[in-house]
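This report refers to the structure that appears directly beneath it.
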Amino acid sequence: MKSHTTLPSRWSYFLGDMSERIGLLLFAVLILVVLPLGLDSFRLNNAGKYLTYAFVAVGLVLCWGLGGILSLGQGVFFGLGGYCMAMFLKLEASDPESTAIQSTPGIPDFMDWNQITALPWFWEPFHSLPLTLIAVIVVPTLFAYVLGVAMFKRRVGGVYFAIITQAVASILSILIIGQQGLTGGVNGITDLRTLLGWDIRSDDAKTILYFVNAVLLIGVIMLARFIKNCRLGRILVAIRDKEDRLRFTGYDVANFKVFVFCVAAAFSAIGGAMFTLQVGFMSPSFVGIVPSIEMVVFCAVGGRLSLIGAAYGALIVNYAKTLLSESFPELWLLAMGALFIGVVMVFPYGLAGLYEQYLKPWVAERFRRRLPAAEPVIPPSAVGQ
Amino acid sequence: MFDGYTASQLMSIFAMQGFAGLILFSVFLLMALGLAIIFGQMGVINMAHGEFMILGAYVTFLTSNFFQSNLPHFFGGYFFFAMAFAFLAAGALGYALEWVLIRHLYRRPLDTLLATWGVSMILQQVYRSVFGAREVGVVLPDWLMGSYQVTDMIDVPINGMFVMALTATITAAVFALMFRSTWGLQVRAVTQNRVMAGAAGINGKRVDRLTFALGCGIAGVAGSAFTMVGSTGPTAGQLYIVDTFLVVVFGGAQSLFGTIASAFAISQSQSTMEFFLSGSMAKVLTLLTVVGILLLRPQGLFVVKVRK
């Protein structure tokens with residue numbers, strides 16, 4: 001029984017079936033009510049930072065979990081979105097008055113340190129907030145589009161795609177670090193202060209940004225759920241499981257792959273922009289190979305087939321990372337390595353899979369009358385990709 | 001970018017940078033050979049390959065320390081023992097890894113990629129705990145020190161030549177093993193058609209495990225050679241892994257000749273450009289070119305027909 005055929009409203013695509021709705025509601029309550037009430041301002045800001053990774057993880061569920069396309073370069077899109085936002089904030093922070101001591105006032109400080117005397121052309125659009133907001137989405141999506149078209153049209157997929165996206169992540173981070181005068185180099189773009197005159201460093205601003213971020217995340221999850229539940233989602237799963245058969249049926253498989261890759265890139269970019277706003281800087285350490293592959297683990301731990309699970313995964317793994325690297329820094333890499341192996345060998349569908357397998361039957365037993373039987377999150381065909 | 005150099009200076013620059021590129025080529029090739037054998041035969045991406053190389057480097061470091069303190073008379077020849085130990089250590093670890101982890105994941109190449117990345121993180125941390133976060137270097141025996149002067153402007157370091165000779169020997173050995181031995185015949189048969197090879201009585205699983213161990217062992221030797229030209233730290237392997245993958249993919253995954261050609265092209269272009277541009281830009285340009293060519297020609301430079 002397909003749930004959306006029994007629910008007449010268009011909203012069912014966004015909300016999913018009853019158990020998915022309850023899951024979304026619980027998640028919304030957690031991030032909109034429980035965390036803000038239970039955490040102090042500093043911890044809440046941290047949680048907001050973790051939730052920006054959830055955007056990436058949700059994108060990866062669509063791209064990797066449903067579509068079977070493993071991108072090891074999501075940090076590229078996270079970084080591009082974040083850098084677009086950071087460039088706007090940096091230009092606002094470097095107005096001629098506050099940079100009067102520089103030899104060229106009115107340009108970002110790191111450019112002045114690198115003997116650059118005029119603002120480079122690609123920085124110019126970032127004087128305007130609307131253009132910046134457009135760029136945050138469009139630049140990474142366009143990049144993903146070019147990359148996706150170039151590869152999927154030529155039927156490059158699987159492991160090759162993963163390696164090439166990883167190489168792209170490596171190239172971009174080397175480029176950013178190398179072009180210190182244009183990008184801020186290895187330190188990144190730091191010392192961001194205001195957004196249209198509004199001080200983003202104050203506690204109040206951070207709380208507001210946390211809520212903006214949380215609402216955006218819920219919106220993105222609903223959008224992703226729409227994609228998952230409508231016909232497109234089914235085509236994606238079909239591509240993952242039997243690509244050739246779909247091609248024989250007459251579908252242009254590449255277009256669907258390009259689309260879902262672009263969507264995942266756009267989601268990551270939103271996360272990156274919100275990261276910059278909440279944390280107050282952006283640096284190449286969120287672009288390269290290591291952060292990109294860590295983002296895959298957030299998704300894998302939460303459950304590569306569950307949108308909400310991926311968001312929980314981002315929260316939990318990052319929380320554990322902070323906890324462990326504060327007290328036992330040498331344990332963190334070991335734990336992370338074990339997590340990579342465990343998530344592949346022991347629980348390939350992550351926490352969401354464990355929930356479906358062990359907890360849900362118990363819950364369903366208790367609420368048998370109220371919950372209709374839901375589709376299992378693990379399709380038998382997904383085993384063995 | 002050639003302004004301000006005379007023709008003879010340019011010649012010397014190209015010769016010197018070309019030689020530096022040859023050393024880079026040797027390290028790339030030794031790493032890529034192991035990777036290419038594993039990837040070509042099993043379709044498995046071993047993200048921990050760089051850490052196997054570093055294991056070889058640390059084994060070399062330990063061997064040199066042992067010879068220095070216990071057998072100073074034989075110090076000149078420690079390197080040959082170190083290479084053998086590095087091969088055995090990395091090969092044994094590879095054998096164990098295949099048995100514990102990889103063999104369960106042959107049908108899930110993307111998951112193998114993640115799992116071996118986890119292995120690489122664990123190994124990095126182990127190295128850091130055992131050997132410390134600082135880079136270690138080995139003491140070269142006297143006969144490897146110094147350089148050979150070709151002309152007034154061209155100096156050729158002897159350790160570099162030794163590494164190249166070593167690479168040539170190992171590459172020749174790998175080729176002999178792959179194309180002249182019974183075992184190589186089995187490997188090639190399994191690569192081309194696993195089911196048919198099985199029907200002909202070849203134990204595919206055993207071949208897989210030995211191939212994986214051999215690939216890792218070659219990485220260990222690569223690490224041994226690496227200590228001749230650079231110092232070793234816990235994260236040094238990760239620096240080379242992306243380049244090495246690109247070498248393998250660019251060369252065409254199943255072609256060993258392709259691997260050699262692409263290792264040569266990538267290392268030469270990188271080291272020649274390094275003189276005229278900054279190091280990071282040279283690397284960016286090289287990698288971009290490789291990725292660009294791969295987008296136009298995804299199968300790589302050389303293609304071997306394989307029945308899937």
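Only a predicted model underlies this, so the values are computations on that prediction, with no experimental measurement involved. Residue numbers start from 1 in every chain, and the chains themselves are labelled A, B, ... in the order their sequence lines are given, proteins ahead of strands.
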In terms of heavy-atom proximity below 4.5 Å to chain B, should A/Ile174 be classed as side chain, backbone, both, or neither?
both
Any Lys/Arg nitrogen of B/Arg209 or B/Glu98 sitting under 4.0 Å from an Asp/Glu carboxylate oxygen of the other?
yes
Checking heavy atoms, do the side chain of A/Ile171, its backbone, both or neither come under 4.5 Å from chain B?
both
Counting only heavy atoms closer than 4.5 Å, note whether B/Leu114 contacts chain A via side chain, backbone, both or neither.
both
Atom group of B/Val100 that falls short of 4.5 Å from chain A, counting heavy atoms:
backbone
Below 4.5 Å from any heavy atom of chain A, which atoms of B/Val119 appear? Answer side chain, backbone, both or neither.
both
Whatever's closer than 4.5 Å to a heavy atom in chain A on B/Ile45 counts as side chain
Hey, is OH on B/Tyr95 packed in by over 12 heavy atoms from elsewhere, all under 6.0 Å?
no
Considering only distance and modelled atom types, tabulate donor-acceptor pairs under 3.5 Å from the side chains of residues 283-298 of chain A, sequence neighbours left out.
unit_1, atom_1, unit_2, atom_2, d
A/Ser283, OG, A/Ser285, N, 3.2
A/Ser283, OG, A/Ser285, OG, 2.6
A/Ser292, OG, A/Gly75, N, 3.1
A/Ser292, OG, A/Val287, O, 3.3
A/Ser292, OG, A/Gly288, O, 2.7
A/Glu294, OE1, A/Lys321, NZ, 3.0

Applying a strict 4.5 Å limit to non-hydrogen atoms, the region of A/Leu72 in contact with chain B is side chain
So which part of B/Ile241 gets closer than 4.5 Å to some heavy atom of chain A, the side chain, the backbone, both or neither?
neither
Among side-chain atoms of A/Gln74 and A/Ser71, is any donor-acceptor pair under 3.5 angstrom?
yes
Could you tell me whether the side chain of B/Thr116 reaches within less than 4.5 Å of the side chain of B/Ile102, counting heavy atoms only?
yes
Between B/Leu113, B/Thr286, B/Leu123, B/Val242, which residue shows the highest count of heavy-atom pairs closer than 4.5 Å to chain A?
B/Val242
Ring centres of B/Phe28 and B/Phe264 under 6.0 Å apart?
no
Distance-only check: which donor-acceptor pairs under 3.5 Å involve side-chain atoms of residues 140-156 of chain A, not counting sequence neighbours?
unit_1, atom_1, unit_2, atom_2, d
A/Thr141, OG1, A/Ile137, O, 2.5
A/Lys153, NZ, A/Asp252, OD2, 3.4
A/Lys153, NZ, A/Asn255, OD1, 2.9
A/Arg154, NE, B/Leu295, O, 3.0
A/Arg154, NH1, B/Leu296, O, 3.1

